[in-house]
Amino acid sequence: MRIFVAGATGAVGRPLVAALIAAGHSVVGTTRTAAKAELIKRMGAEPAIVDGLDAPAIRAAVVAAKPEIIIDQMTDLAAVTDVRHFDRAFATTNKLRTQGTDFLLAAAREAGVKRFIAQSFCGWTYDRSGEPVKTEADVLDVDPPEELRRTLEAIQYLEDALTSLATPEGIVLRYGSFYGPDTGMLSRAMIDQVRRRRVPLIGGGGGRWSFIHVDDAAAATVAAVERGKPGEIYNIVDDEPAPVSEWLPALATLVGARPPIRVPAWLGRLFAGEHLVSMMTEVRAGSNAKARRELGWQPAHPSWRQGFAEVASGATAQHAA
Ligand SMILES: NC(=O)c1ccc[n+]([C@@H]2O[C@H](COP(=O)([O-])OP(=O)(O)OC[C@H]3O[C@@H](n4cnc5c(N)ncnc54)[C@H](OP(=O)(O)O)[C@@H]3O)[C@@H](O)[C@H]2O)c1
């Protein structure tokens with residue numbers, strides 16, 4: 001099939017383009033810069049240089065590509081270092097999830113696209129009461145900490161837009177927290193923060209997180225292209241949701257750091273903010289049962305424990321070379 005990947009150079013865009021091409025699809029991938037267009041060519045896809053917030057340019061790129069499917073992987077998080085001001089850090093990503101979605105959808109309709117798949121998130125977005133591990137049928141947080149409000153609204157906007165579509169058919173993939181070589185939880189910035197003990201364990205660390213290796217996220221996305229059901233949302237996460245009190249010390253050990261500093265919730269609230277205390281102590285994780293069942297997908301890295309270790313040992317080997 002002919003597939004338009006918006007955001008082909010990102011954490012999941014890169015392995016996704018490779019996986020789509022390996023599965024026999026023909027891919028047009030977007031970037032904003034000529035330098036990264038070369039990377040897209042080297043991956044075997046056709047580059048389109050376009051800004052997702054430029055409606056006429058997006059329209060022209062989609063119409064010229066004549067895709068059957070659009071996959072939206074655009075976020076603007078590469079420069080984010082400080083999540084204390086979360087909504088500010090996510091401002092452009094939130095625009096991409098609202099305006100950017102509208103622009104792509106309008107272009108998709110004009111180009112006669114059949115299916116539109118978009119990136120969402122699985123984790124802190126769920127309601128913080130009830131079961132520790134949530135399914136797609138569970139509600140999102142109705143009263144999130146103030147600092148997360150606009151980001152959650154943008155996510156809900158995107159999800160509502162996609163799941164209410166008749167043409168093209170929409171599918172939402174809620175990816176867990178990414179990790180992979182030099183990305184997400186195993187990015188240089190995160191490893192550096194953990195080594196400097198700048199990621200404290202707040203309160204009891206009872207907040208639960210879901211992780212996903214970026215290669216598994218890419219494989220699930222290919223499965224959604226081929227087997228996803230119209231109008232559905234899928235949690236794309238590994239098999240082992242984990243409390244912060246388990247994964248953060250384990251990550252510290254893996255990257256050769258001393259155990260994280262422990263901070264009481266009241267102090268965390270003062271220095272980090274209510275939202276980061278909530279992420280450490282209250283948030284819920286997601287179940288991948290629906291994605292396994294309906295997409296016929298299973299993660300090659302079923303547990304972050306082995307996944308983190310595999311990626312961290314690669315990073316150490318690279319560092320030593
Ligand atoms: N679920 C998760 O945990 C999650 C989700 C997303 C990101 N992250 C993490 O956040 C960090 C940064 O993510 P990333 O490496 O994917 O980079 P990113 O800066 O978020 O970019 C992702 C993709 O979106 C494109 N993009 C950004 N702004 C755009 C715009 N205005 N118009 C069109 N395209 C635009 C980028 O293209 P160009 O830059 O080539 O133009 C790139 O292909 C990574 O550590 C990643 O793991 C985590």
Side-chain angles (χ1 to χ4, degrees), residues 4-17 27-43 45 47-59 61-62 70-83 86 89-104 107 118-125 151 154-155 158 172-193 209-218 220-221 234-238 247 279 283 285-286 304 307-308 311 315:
F4 186 92
V5 179
T9 60
V12 76
R14 286 190 309 271
L16 173 62
V17 169
V27 178
V28 175
T30 78
T31 174
R32 286 163 299 171
T33 62
K36 290 195 202 163
E38 284 307 313
L39 168 73
I40 293 171
K41 271 192 209 160
R42 283 201 299 277
M43 293 192 292
I49 300 177
V50 63
D51 189 311
L53 297 174
D54 179 341
I58 276 287
R59 179 195 164 274
V62 172
I70 290 181
I71 307 177
D72 182 5
Q73 298 288 351
M74 292 188 294
T75 53
D76 187 26
L77 300 173
V80 169
T81 50
D82 182 5
V83 286
F86 199 92
F90 273 69
T92 308
T93 297
N94 293 344
K95 255 191 180 172
L96 286 165
R97 285 175 170 158
T98 50
Q99 268 184 20
T101 301
D102 287 346
F103 296 161
L104 259 181
Q119 172 180 154
S120 183
F121 183 74
C122 173
W124 63 260
T125 40
T151 303
I155 285 172
L158 177 147
V172 171
L173 300 180
R174 288 181 181 161
Y175 301 122
S177 290
F178 285 161
Y179 71 93
D182 199 17
T183 199
M185 302 306 292
L186 273 302
S187 62
R188 253 170 264 187
M190 182 66 177
I191 292 175
D192 184 56
Q193 293 287 84
W209 289 45
S210 279
F211 296 100
I212 191 76
H213 191 294
V214 286
D215 289 348
D216 283 329
T221 311
Y234 296 98
N235 289 339
I236 306 299
V237 295
D238 75 8
W247 67 257
M279 284 188 190
V283 297
W304 58 272
F308 280 13
V311 175

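Every number for a ligand or one of its atoms is a count from 1 in the order of the listing. No hydrogens, no waters, no symmetry mates; every other heavy atom, side chains included, goes into these values.
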Would you say ligand 1 has an N or O under 3.5 Å from any N or O of Asp51? yes
Would you check the N or O atoms of Gly176, main chain and side chain alike, for any that come under 3.5 Å of an N or O of ligand 1? yes
Within a distance under 4.0 Å of any heavy atom of Ser177, pick out the atoms of ligand 1 and give their elements. 3 (O)
Of all protein heavy atoms, the one nearest atom 14 (P) of ligand 1 is Ala11 N, 3.6 Å
Side chain to side chain donor-acceptor pair (under 3.5 Å) partners for Asp102, two or more places apart: Tyr157
Restricting to heavy atoms, the pick from Tyr179, Phe103, Trp209, Phe178 nearest atom 8 (N) of ligand 1 would be Phe178
Within-cut-off N or O pair, Val50 and ligand 1, under 3.5 Å: no
Is Ala6 touching ligand 1 with its side chain, its backbone, both, or neither, if touching means heavy atoms under 4.0 Å apart? neither
Atoms of ligand 1, numbered as shown, that sit under 4.0 Å from any heavy atom of Thr31: 38 (P), 40 (O), 41 (O)
Scan side-chain atoms only and decide if Asp76 and Thr93 contain a donor-acceptor pair under the 3.5 Å cut-off. no
What atoms in ligand 1 come closer than 4.0 Å to a heavy atom of Gly184? 44 (C), 45 (O), 46 (C), 47 (O)
Ala8 heavy atoms, cut-off 4.0 Å: which ligand 1 atoms fall inside? 43 (O)
Hey, which atoms in ligand 1 end up nearer than 4.0 Å to a heavy atom of Leu96? 28 (N), 29 (C), 30 (C), 31 (N)
What I want to know is whether Phe121 and ligand 1 share at least one N or O pair that is separated by under 3.5 angstrom. no
Do Thr92 and ligand 1 have an N or O pair less than 3.5 Å apart? no
N or O pair under 3.5 Å between Thr33 and ligand 1: no
Checking contacts here: is it the side chain or the backbone of Met74 that comes within 4.0 Å of ligand 1, counting heavy atoms only? Could be both or neither. both
Is it the case that ligand 1 has an N or O less than 3.5 angstrom from some N or O of Thr183? yes
